[in-house]
Amino acid sequence: MFLGTSSPRALSSPPSSSSHESWESMLPGPSSRNNFGSSDLSSHGLLAFPSGSSISIVDTRSMQLVSSFPIPPPPSAAAPFVTSIRWIPLPLNRHLLSSEPSSSHLLLAAGDRQGRIALLDFRLKAAILWFETDSKQGIQDLCWILARPDLFILASITGPSTLSLFNATTGRCVWKYDASPEYFSCIRRDPFDSRRICAIGLKGFLLSLLHLGDSEEGVVIKELQIRTDSSALLKLERDSAGGSSSATAPPASAAFPLYAARFIFSQHWRHILYIAFPRELIVFDLQYECVIFASTLPRGCGKFLDVLPDPSNEWIYCAHVDGKLSTWRRKPGEQVHIMYSMEELMPSIGTSVPSPSLLSVVLCQSDTTLQNIGKNYSDIPSSPYLHEDFDNPFDFCDGSQIISKIHLISISDDGKIWDWLLTAEGNADTQKDDKKLGLVKDDTMVSFAGGQELNVGRPLEHLNENRSRPPNSTFNEEISMKVSLVGQLQLLSSTVTMLAIPTPSLTATLARGGNYPAAAVPLVALGTQSGTIDVVDVSANAVTSSLSVHNGVVRGLRWLGNSRLVSFSYTQVNEKSGGYINKLVVTCLRSGLNKMFRVLQKPERAPIRALRTSSSGRYLLILFRDAPVEVWAMTKNPIMLRSLALPFTVLEWTLPTVPRPPKDQTSAASDEASKPSISSPDSKDGSSAEGSQDDTSESFAFALVNGALGVFEVHGRRIRDFRPKWPSSSFVSSDGLVTAMAYRLPHVVMGDRMGNIRWWDVTTGHSSSFNTHREGIRRIKFSPFVPGDHSRGRVAVLFYDNTFSVFDLDSPDPLANSLLQPQFPGTLVLELDWLPLRTDKNDPLVLCIAGADGSFRLVDINVNDKRFGSAPQIRKTKERFRAMPICCPILLPSPHALALQMILQLGVKPSWFNTCSTTIKKRPHLIPGAPSPTGDLRTYMISIPLLGDAVVPEMLLKVLEPYRKEGCMLDDERAKLYASIVDKGCAARFAFAATVFGESSEALFWLQLPQALKHLINKLSTKPPSKEPTTGSVSVVDETSLLSRISSKGKPTEEMGSDASQSQGQQRLMAFDQEELWKSASERISWHEKLEGEEAIQKRVHELVSVGNLEAAVSLLLSTPPESSYFYVNALRAVALSSAVSRSLHELAVKVVAANMVRADRSLSGTHLLCAVGRYQEACSQLQDAGCWDDAATLAATHLKGADYARVLQRWAGHVLHSEHNIWRALILYVAAGALQEALAALREAQLPDTAAMFILACREIRAEIVSDISITDDDDSSSSVNDKILNLQALDPVNEDVIAVDEYFGQYQRKLVHLCMDSHPSSE
């Protein structure tokens, strides 16, 4: 079962919680630069980020906190800051037939400031593996490497310059690299090859690492240097040089917090890196090992903080340390980026002074995949379900001019998580092809600010002149960027200094007047260092309001009833004179208004020490340092009643009285002779004393400097002695000053600075004491009492060493039966109090704790079970109230998540989702009341599946019914997209299901599958060309067609550039078509035209030969100077290649070579000679043998056709599958090559029975559609045989043994899934 705070469920918690339900939860303090700006967004939409020594998980679609937990600290040490965090890139485990379901897809790696690295399960809130690190210098960054399908490697930057690789199974370090004196800044993984990572240093050092996967230590590295201006860094190094040795040097982000170097791999172009130094943006080509573009920041722009590539468009986003976001767009046909917009990510409205800092930004990649799904099927007639089932009142946005939309999440150091919608809009007449791209509506915008977009970005025209876009740049005018704030999550705004919990008595009345008693509310007020007061709703584990009250630290905070707060702060006017300005404020939570009182014209001699409010909220005691205590009546305009000039050390008002237990429930330990107890027998004196107290009067107990005790009663404006029955004289001890007190009629409990605890019954005079053998006592708090409790003497005690214990003073030996603090090893406790919401004796006792790490926690105190420190286990947590359900299916128990995935794949009617936009006549406030369906649940399915067991869908629907009732399967946005594509084919549904569960590569595979099958069928439907003898030269027809396609040496046209970039987006990762591969390679050539150097020339020639531009290749080869070491090989190739172009060029080349022949050859020259004589098949094989797989594909796309091209694709697919471990890209290549049997074998080897079955269904459906659109003539035998191949692809034939095996395997998988679903209870988390 999953933890309750991450529940997808919104409501439906029972009125009274059972004994095994837990209130435990945590709200983290704000992130800071000590966390190194670390954050990671999973493909499922879960944002993980560190706050102090804790980790928080946020659902970015609903912007709600899912879970927060601390990393276990080292032994006998404070918990260090978490500095790096990374989700493990594992999909949902579907190996049900070979292993038990697990939550391995929800693991994350985290590193801290002491150099420790842990693999964490956030469901258990515990570490399941500690990596074997041997340094305490701190972790700068982490990155995952997929070395093999069964071997994950974790790469980490430790200290300033050490790169280490760890085996993720054993935790053992398998490889190390030291780059001293460089400072490594970050590591990133190549999206095209999961075996490759790169690490960048602050001084421009770039390390490229490829893990071969044959063994743990099989690593190939390449060291590169990028020239950058590091003068500012050298100055910082000189300023910070404090004698720290290399063994103790801190990581880069600790040594230079505002000096960062970040990079990211391009999502569109292999080997391309975008690198952001503090004031320079660089595009680097790993293949050419050189910079192909560099641009410095204009004056007035803040330093770069991070760089993010748009997944679907040719532009990048750059975050700046001053809280701004710049957008850079690539010029078509060139690798040149120009900044054309600058927006604010930290709105100046409503922010504090100084303004908060931007710490981290991440892009939601799944948004792009969903848009690709909508765009790919936008030309198909609209689904009837879209009109029939959708009744969305918010669907008013016109998406006809929208090019793309993507969410950007930013984190600031004031505890806010911002959700920004980045929208690219174009002119209507230029966006005809994209008019359906806006299918994905941003309905979440309505949930923020009442449906109005908050465009906080400033227009470009108002920016500095240097930052404005070039007036002559036409491509900049076509697209406009808009940044809108569509959601926000407020966590604790600053480090917590004070904690206050309302405990209103029955005499407390509502703040707005009347005689109605004030009820206990599930609110906790927290004072912070920044002067704000955060009000937390513990039933939702969320900050309900953050009020800016003071300019400095909140030093005292108390409730007045249940709707008003009183707080104070002070500032010292002058250190010499010692005057203080005390600021007292009453805050109304209903209106949010702050009202100051006791405002003096001059500074005071003494600052305020503490505030004490009565349970009714009518009276306030103000304690000063070395000054009389003031008693105030907290009316609408507070009035001071009198001042008490006694040397008080501590004062406490009485808590609301509790009923005394019947005589048969009296504690057996109440014998006066053995040990006085709080649960003393009823007596006439006690009854009369407690009953005679006036309902409108309240009393407070106090202790004086000399140890004397007393109780005063306040009635109206009168203050009188309560005249309690005093304890024996031996009770007062002079060896310890009373430092803490708790008072609940008739009992007073005191603690002193020697660790002694004394308690006294003011009605009987009974008293006792014991020593805790701890340091002095700072706070004592009575636990809430409800009828049926066996004890009224349970107290929580906070010591001066910031630890706490719970004692039961009704027990014969309180010390022996105490509950020591086991929950927070390494975390100090600043303040604590009990949560007064118990209504039943079986309800847990819950402590509210403000930690020194800036967090706020609720902790269950189980008085019946004192076994702490056991192995971590998932506990059922009390259901949280949520304003809206968390629609994140990946959080469901794994069997239920797999069941939902299968239902989405097979096709379910959109009305089943029970959202406000898929159910007719339903509005948000009616969502939870959906009636249960009657009859056959299979009526919700759009069709009966042709593979597997036909009964399984109904059983899965029944299992998912609890989630369906609550409407938490899909949010409105994704439910609407599903309704638009549910009847547009299997592949569309499969792509959607993969995206929902975070498998973007699988989704791209399903999107490309129709094109791959169409490519295959077109190849089969074309008559095979007649075989001709191979000649040594290129045929006239081929040469003419080739040179007509590309004979110019100039740059590609803008039209070609836009087609190659904007129309493909993410799907370019799985390109297989000849035209696509050729265009992509041709686009890259223009980027390298200005590169100089012998190595660069060799690579440029290779590119030109690959795309068939032999004339340009010859010209470049002949330009090699005679003194070059490459002249001989260049001349030889020039002669051979020129013979394939023209006789005149051949003669010119021979003359030049004859005059200047010198020296050696290169390994790839043979490939070029093979091209010169038309041996393209052999040339491709040589390139593949040499590891140049992309170049071989480009050459094949240029020159080969039919079966020859298919052979190259099939061998490439084998390499991608077995070496790069990218099964989805390999499957596309197999399909395009016609190797469907190999594709099925790959799925079987990967143990994906459901995907294999869906693959067969999709292929059959797509084949039927394509065949129906192709007119086939039967004019000869050859075409007839081709028709038979198309209509009956052998790999898809139902009688094929592989297809029969897939069907049986899928049936076993379905039955196992149903059994697991039945065994798993619906998650209440």
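Scope of the values below: all heavy atoms of this structure, side chains included, with no hydrogens, waters or symmetry mates.
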Would you say [X]'s side chain and [Y]'s backbone share a donor-acceptor pair under 3.5 angstrom?
{"X": "Arg189", "Y": "Ile197", "value": "no"}
{"X": "Ser53", "Y": "Phe81", "value": "no"}
{"X": "Asp413", "Y": "Ser357", "value": "yes"}
{"X": "Asp853", "Y": "Ser855", "value": "yes"}

Where do [X] and [Y] come nearest, in terms of heavy atoms and distance?
{"X": "Pro311", "Y": "Thr368", "value": "CG-OG1, 3.5 Å"}
{"X": "Arg279", "Y": "Gly302", "value": "NH1-C, 4.2 Å"}
{"X": "Phe152", "Y": "Pro89", "value": "CE2-CG, 3.6 Å"}
{"X": "Leu491", "Y": "Pro28", "value": "CD1-CG, 3.9 Å"}
{"X": "Pro250", "Y": "Tyr183", "value": "O-CE2, 4.1 Å"}
{"X": "Ala110", "Y": "Ile55", "value": "CB-CD1, 3.7 Å"}

Name of the residue among Val291, Ile282, Leu281 meeting side-chain contact (heavy atoms from CB on, under 4.5 Å) with Ile275:
Ile282
Could you go step by step and tell me if Leu202 and Glu182 meet the side-chain contact (heavy atoms from CB on, under 4.5 Å) rule?
CA-CA 7 Å; Leu202 296 181; Glu182 178 61 275; 4.2 Å; yes
Please test Arg1225 against Ser1001 for side chain to side chain donor-acceptor pair (under 3.5 Å), starting from the C-alpha separation and ending with a verdict.
CA-CA 8 Å; Arg1225 190 175 177 213; Ser1001 295; over 6 Å; no
Classify the side-chain pair [X]/[Y] by whether it contains a donor and acceptor separated by less than 3.5 Å.
{"X": "Trp269", "Y": "Glu314", "answer": "yes"}
{"X": "Arg262", "Y": "Ser185", "answer": "yes"}
{"X": "Ser161", "Y": "Ser180", "answer": "yes"}
{"X": "Thr1194", "Y": "Ser1106", "answer": "no"}

One thing to verify: whether [Y] and [X] come together as a salt bridge, which I'm taking to mean a side-chain N less than 4.0 angstrom from a carboxylate O.
{"X": "Asp134", "Y": "Lys176", "result": "yes"}
{"X": "Asp141", "Y": "Arg188", "result": "yes"}
{"X": "Asp150", "Y": "Arg148", "result": "yes"}

What residues form a salt bridge (charged side-chain N to carboxylate O under 4.0 Å, His left out) with Arg270, not counting sequence neighbours?
Asp1190, Glu1220
Test of understanding: with salt bridge (charged side-chain N to carboxylate O under 4.0 Å, His left out), list the residues that count as partners of Lys136, not counting sequence neighbours.
none
Verify side chain to side chain donor-acceptor pair (under 3.5 Å) between His320 and Ser326, making sure each step is shown before the conclusion.
CA-CA 8 Å; His320 300 256; Ser326 61; 2.7 Å; yes
With sequence neighbours excluded, what pairs up with Trp1224 under the ring pair (Phe, Tyr, Trp, His ring centres under 6.0 Å) test?
Phe1005
Holding to ring pair (Phe, Tyr, Trp, His ring centres under 6.0 Å), I want the full list of residues that pass it with Tyr274, two or more places apart in sequence or in another chain.
His337
Test Leu108 against Asp40 for side-chain contact (heavy atoms from CB on, under 4.5 Å), laying out the working first.
CA-CA 10 Å; Leu108 62 161; Asp40 194 28; over 6 Å; no
Could you walk me through whether Ser295 and Phe293 pass side-chain contact (heavy atoms from CB on, under 4.5 Å), step by step?
CA-CA 7 Å; Ser295 175; Phe293 170 74; 3.5 Å; yes
Relative to the ring of Tyr177, is the ring of Trp175 parallel (under 30°), tilted (30 to 60°) or perpendicular (over 60°)?
parallel
Before you tell me yes or no, could you show the steps for Thr162 and Ser135 under side-chain contact (heavy atoms from CB on, under 4.5 Å), namely the whole-Å CA-CA distance, both residues' side-chain angles and the distance that decides it to 0.1 Å?
CA-CA 10 Å; Thr162 303; Ser135 172; over 6 Å; no
Please report, to 0.1 Å, the donor-acceptor pairs under 3.5 Å made by any side chain of residues 43-52, with sequence neighbours excluded.
residue	atom	partner	partner atom	Å
Ser43	OG	Gly998	O	2.6
His44	ND1	Ser42	OG	3.4
Ser51	OG	Gly29	O	3.2

Which salt bridge (Lys or Arg N to Asp or Glu O under 4.0 Å) pairs, counting each pair once, include a residue from residues 197-213, with sequence neighbours left out?
Lys203-Glu237
With a 6.0 Å cut-off on ring centres, are Phe277 and Phe304 close enough?
no
Distance, nearest 0.5 Å, that separates CG of Leu120 from CD1 of Ile71:
5.0 Å
